[in-house]
K.L.:
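Have a look at this one.
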Amino acid sequence: MAVGFLANEVSELCLGKPALRCLSAAAATVGDALSALRRSGDAAVGLWSCCDDDGADGAPSGEAGRCVCVGKVCTVDIVCFLCREENLADPAAALRSKVAAVVPKGGGLVRHLEPHASLLDAIELILEGAQNLVVPMRSRKGTAPRKNILHNHREYCWLTLEDIVRYLLNFINLFAPTPALPINSLGIIDTDTILAVHYYDPAASALQLIPESNLKQTAVAIVDDGGQLIGEISPLTLSACDLTVAAAVLTLSAGDLMAYIDCGGPPDDLVRLVKERLEEKNLVTFLESLDEELAFSLPSASSSSDEEFGCGKSGRIGGYSARMVRRSEAIMCYPSSSLVAVMIQALAHRVSYVWVVEEDRSLAGIVTFRSMLRVFHERLKSVS
């Protein structure tokens, strides 16, 4: 059965996946990426480099007519970009910058893979550092592909770590008894590279950690003086917020920011506190400029769409996207938790990591989808 499982192709994981839309890596601005994210509701937008006959659609890729997905951008990349000191005076100008200014610098985050490739091939690319695998979608009979999602005359989707882990869970019995083992016996708890700040630290002190956690597909832990885990600042949650959350990052403590980005919208007292501290820092124009640019970047969106996606208007801050599914509460397990239990826990909460805590809730480490995949990779290699 395991040998037959190895023969499965990645195209099976693409069933039901939406086709990727095109955003030019060379021509698009940061504002274009923001608009694409808000209109689609997707967690990230892919950036494509194409070599067309007229050369108008981006940087040459080395092969005439060929398009390659070269990276991706999410809202938290834009938020961190706007919080840079050089962009505080004129965020509107920052949004007119080329999108390359906000693309995560980690190499190989997006990789292409043919649909006939094996699941083992996909896992190996993930273990090399890929976050998304771009896979051509098999043509659907009687359905013409739309031009705005057509590259190389084909439609593409992308696969994530979550897609692969969810697929493996469907065949978990093939890997017995490993999934029933406690995670502390599998060597997959990371105790050395935890990203964390203290509850009363300025949220701005996490500005260097948030992009790093986004690259690692984890989050920034918030701990008290005793090292107990209180919550987290998640790039996924920040990406679901209104862009004006950047003002909260610049003015609040880490603990207050955790409450600010929680589901349901920020408390009124925190909204007032943000505005007061913006005035103290002479950054009121920063918020006003963001509001104006948000309204301008979605010129064709109706008022109902603005409500759906939580775009700030008229000084209102703290909007949320309709796809908001996460809270600032940290998802936790224990060192003795089984591998399969942690997998199910992460998938149920739509995260790619679970914090590991001791009985007293002190932070002991973190387990990620990538570390889980190493375990399955070893098992699959042993029978390949």
Side-chain angles (χ1 to χ4, degrees), residues 1-18 43 111 113-135 137-138 157-191 216-219 232 234 236 325-326 329-358 364-384:
M1 290 179 65
V3 174
F5 176 73
L6 279 174
N8 294 347
E9 298 180 350
V10 293
S11 59
E12 297 182 29
L13 281 71
C14 295
L15 296 176
K17 300 282 288 186
R111 301 284 294 272
L113 193 63
E114 288 301 316
H116 55 74
S118 70
L119 180 64
L120 192 58
D121 293 331
I123 292 176
E124 288 177 348
L125 288 178
I126 293 292
L127 295 181
E128 290 174 7
Q131 292 184 358
N132 295 77
L133 303 178
V134 181
V135 183
M137 301 174 69
R138 298 194 186 279
C157 72
W158 61 19
L159 301 177
T160 65
L161 278 76
E162 179 184 339
D163 294 322
I164 295 175
V165 172
R166 192 178 297 278
Y167 187 76
L168 287 170
L169 186 62
N170 293 329
F171 301 91
I172 200 68
N173 61 305
L174 298 180
F175 299 92
T178 301
L181 297 176
I183 55 176
N184 60 0
S185 70
L186 296 172
I188 62 174
I189 302 176
D190 183 357
T191 60
K216 293 181 176 180
Q217 295 188 301
T218 59
E232 67 179 20
S234 164
L236 179 61
V325 294
R326 289 283 295 110
E329 181 180 358
I331 308 304
M332 297 176 287
C333 68
Y334 298 103
S336 59
S337 300
S338 68
L339 174 60
V340 67
V342 177
M343 287 174 64
I344 293 172
Q345 191 177 11
L347 290 170
H349 290 279
R350 301 299 303 272
V351 293
S352 59
Y353 58 92
V354 176
W355 299 105
V356 183
V357 297
E358 303 292 355
I366 189 171
V367 175
T368 65
F369 276 163
R370 187 167 279 110
S371 63
M372 297 179 198
L373 286 176
R374 289 194 183 96
V375 175
F376 292 102
H377 179 258
E378 291 175 4
R379 289 294 306 275
L380 290 171
K381 286 288 286 186
S382 68
V383 298
S384 62

K.L.:
Do T191 and V356 have side-chain heavy atoms sitting under 4.5 Å apart?
P.N.:
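Not touching, per the 4.5 Å side-chain cut-off.
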K.L.:
For E124, check side-chain hydrogen bond (donor to acceptor under 3.5 Å, both in side chains) against everything at least two apart and list the hits.
P.N.:
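Residues passing side-chain hydrogen bond (donor to acceptor under 3.5 Å, both in side chains) with E124: H377.
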K.L.:
Could you tell me which non-hydrogen atom of R379 sits nearest to which non-hydrogen atom of F175, and how far apart they are?
P.N.:
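Taking every non-hydrogen atom into account, NH1-O, 2.6 Å.
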K.L.:
Does anything in residues 175-185 pair up under salt bridge (charged side-chain N to carboxylate O under 4.0 Å, His left out), and if so which pairs, sequence neighbours excluded?
P.N.:
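For residues 175-185: none.
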K.L.:
Could you report the tightest heavy-atom contact between A219 and S234, atom names first, then the distance?
P.N.:
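For A219 and S234, the tightest heavy-atom pair comes out as CB-CA, 3.9 Å.
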K.L.:
Sequence neighbours left out, what pairs pass side-chain hydrogen bond (donor to acceptor under 3.5 Å, both in side chains) with at least one residue falling in residues 337-348?
P.N.:
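Not a single pair qualifies under side-chain hydrogen bond (donor to acceptor under 3.5 Å, both in side chains).
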K.L.:
Whether the side chain of R370 engages the backbone of E128 through a donor-acceptor N/O pair (distance < 3.5 Å, no angle test) should be reported.
P.N.:
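The answer is no, because no donor-acceptor pair under 3.5 Å joins these two groups.
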K.L.:
Could you grab the distance from atom CH2 of W355 to atom OG1 of T218, nearest 0.5 Å is fine?
P.N.:
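Interatomic distance, W355 CH2 to T218 OG1, rounded to 0.5 Å: 5.5 Å.
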K.L.:
Looking only at non-hydrogen atoms, find the nearest pair between M372 and V367 and report the distance.
P.N.:
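Closest approach of M372 to V367, heavy atoms only: CE-CG1, 3.7 Å.
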K.L.:
What's the separation between atom CG in L380 and atom OG in S382, rounded to the nearest 0.5 Å?
P.N.:
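Separation between the atoms: 7.5 Å.
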K.L.:
State, to 0.1 Å, how close I344 and L169 come at their nearest heavy-atom pair, and which atoms those are.
P.N.:
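Looking at all heavy atoms of both residues, the closest pair is CG1-CD2, 4.0 Å.
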K.L.:
What pair of heavy atoms forms the shortest contact from A364 to E358, and how long is it?
P.N.:
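Scanning both residues completely, I find the closest heavy atoms to be CB-OE2, 3.6 Å.
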K.L.:
Restricting to side-chain hydrogen bond (donor to acceptor under 3.5 Å, both in side chains), what partner residues turn up for D163, sequence neighbours left out?
P.N.:
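side-chain hydrogen bond (donor to acceptor under 3.5 Å, both in side chains) check on D163 returns K17, T160.
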K.L.:
Sequence neighbours excluded, which residues qualify as side-chain hydrogen bond (donor to acceptor under 3.5 Å, both in side chains) partners of R166?
P.N.:
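Result, side-chain hydrogen bond (donor to acceptor under 3.5 Å, both in side chains) vs R166: E162.
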K.L.:
Should the pair Y167 and F171 be assigned to parallel (<30°), tilted (30 to 60°) or perpendicular (>60°) ring geometry?
P.N.:
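Tilted: the ring planes of Y167 and F171 meet at 30° to 60°.
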K.L.:
side-chain hydrogen bond (donor to acceptor under 3.5 Å, both in side chains) with S371: which residues, sequence neighbours excluded?
P.N.:
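If we apply the side-chain hydrogen bond (donor to acceptor under 3.5 Å, both in side chains) test to S371, skipping adjacent residues, the hits are T368.
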K.L.:
Taking the side chain from R111 and the backbone from A130, do they hold a donor-acceptor pair closer than 3.5 Å?
P.N.:
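Not confirmed, R111 side chain does not pair with A130 backbone.
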K.L.:
Show your working on side-chain contact (heavy atoms from CB on, under 4.5 Å) between I164 and L133 and close with a plain yes or no.
P.N.:
CA-CA 10 Å; I164 295 175; L133 303 178; 4.2 Å; yes
